[in-house]
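Input: a single structure, listed below in structure tokens.
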Amino acid sequence: MGGMRVLFSAADIAARVEALAAEITSTLPADFVMVGLLKGAAVFVADLARALDRAGARPEIEFMRLASYGLAKESSGAVQLLGDTPADLAGRPVLLVDDIVNTGRSIAYAAAQLRQRRVGHLWTCALLDKPQRREIEVAIDFVGFRVGDVFVVGYGTDYAEKYRHLPYIGTVE
Ligand code: IMP
Ligand code: MG
């Protein structure tokens with residue numbers, strides 16, 4: 001593997017997360033449940049939750065785990081839930097949070113699982129959106145950054161489980 005090119009620095013991300021939290025707080029009721037998709041969204045959820053607090057929201061935090069990409073850069077296309085959906089979400093306003101929306105399959109699948117549990121209003125949020133790669137039409141209500149067709153790592157996102165710890169988002173050259 002070659003060098004790393006920084007796309008969004010830690011400071012870029014922090015500023016955008018703060019602005020997203022303000023957008024979310026002005027749209028959602030004060031009490032809602034954030035449901036993050038593991039593992040990729042863990043870092044984003046942790047920062048977004050604290051930005052939401054500063055913006056005056058009081059989110060609960062839950063996670064769901066979807067079957068991962070494995071070690072490849074391309075999704076197999078088949079998404080699977082590992083474990084269960086969070087309990088007691090019926091009627092609750094939910095903000096579904098993922099790191100990246102690519103084909104749309106993961107977030108669409110997670111949203112369908114939550115709707116089956118009869119959650120209340122469901123909003124979606126992704127730190128990164130790759131609209132050029134979309135295969136399934138899915139509305140993303142809150143987007144951190146739009147990017148082209150590039151494979152990124154860092155800030156929770158991985159390549160073969162590496163780079164999740166990086167404080168910035170970059171591309172491996
Ligand atoms: P989708 O199901 O094709 O929309 O893919 C979304 C999932 O794949 C996200 O939850 C990410 O974890 C992962 N993913 C998509 N693009 C990238 C990338 O560029 N780097 C790392 N993970 C990615
Ligand atoms: Mg993921």
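Atoms within each ligand, like the ligands themselves, are counted from 1 in listed order.
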Distance filter under 4.0 Å to [X] heavy atoms, resulting ligand 1 atoms:
X      : result
Lys130 : 16 (N), 17 (C), 18 (C), 19 (O)
Arg105 : 2 (O), 4 (O)
Thr103 : 1 (P), 2 (O), 3 (O), 4 (O)

Indicate yes or no: does Lys39 engage Asp158 in a salt bridge with an N to O separation below 4.0 Å.
-> no
Less than 4.0 Å between a side-chain N and a carboxylate O, is that true for Arg16 and Glu23?
-> yes
Could you tell me whether Tyr155 and Tyr168 have their ring centroids closer than 6.0 angstrom?
-> no
Test item, [X] contacting ligand 1 (heavy atom, 4.0 angstrom):
X      : value
Leu37  : no
Ser106 : yes
Val153 : no

Between the side chain of Lys130 and the main-chain N/O of Arg146, is any donor-acceptor distance below 3.5 Å?
-> no
Counting only heavy atoms closer than 4.0 Å, does ligand 1 sit against the backbone of [X], its side chain, both, or neither?
X      : result
Asp158 : backbone
Val150 : backbone
Asp98  : side chain

Return yes or no for this condition: an N or O of Asp99 is under 3.5 Å from an N or O of ligand 1.
-> yes
Within the structure, does Val101 bring an N/O atom to less than 3.5 angstrom of an N/O atom in ligand 1?
-> no
Any side-chain heavy atom of Leu96 within less than 4.5 Å of one from Leu37?
-> yes
Quick one: sort the Tyr159 and Phe151 rings into parallel, tilted or perpendicular, breaks at 30° and 60°.
-> perpendicular
Kindly write out the residues that satisfy side chain to side chain donor-acceptor pair (under 3.5 Å) with Gln113, not counting sequence neighbours, or none if the list is empty.
-> Tyr109
If you take all heavy atoms of Asp141 and Leu122, which pair is closest and at what distance?
-> OD2-O, 4.2 Å
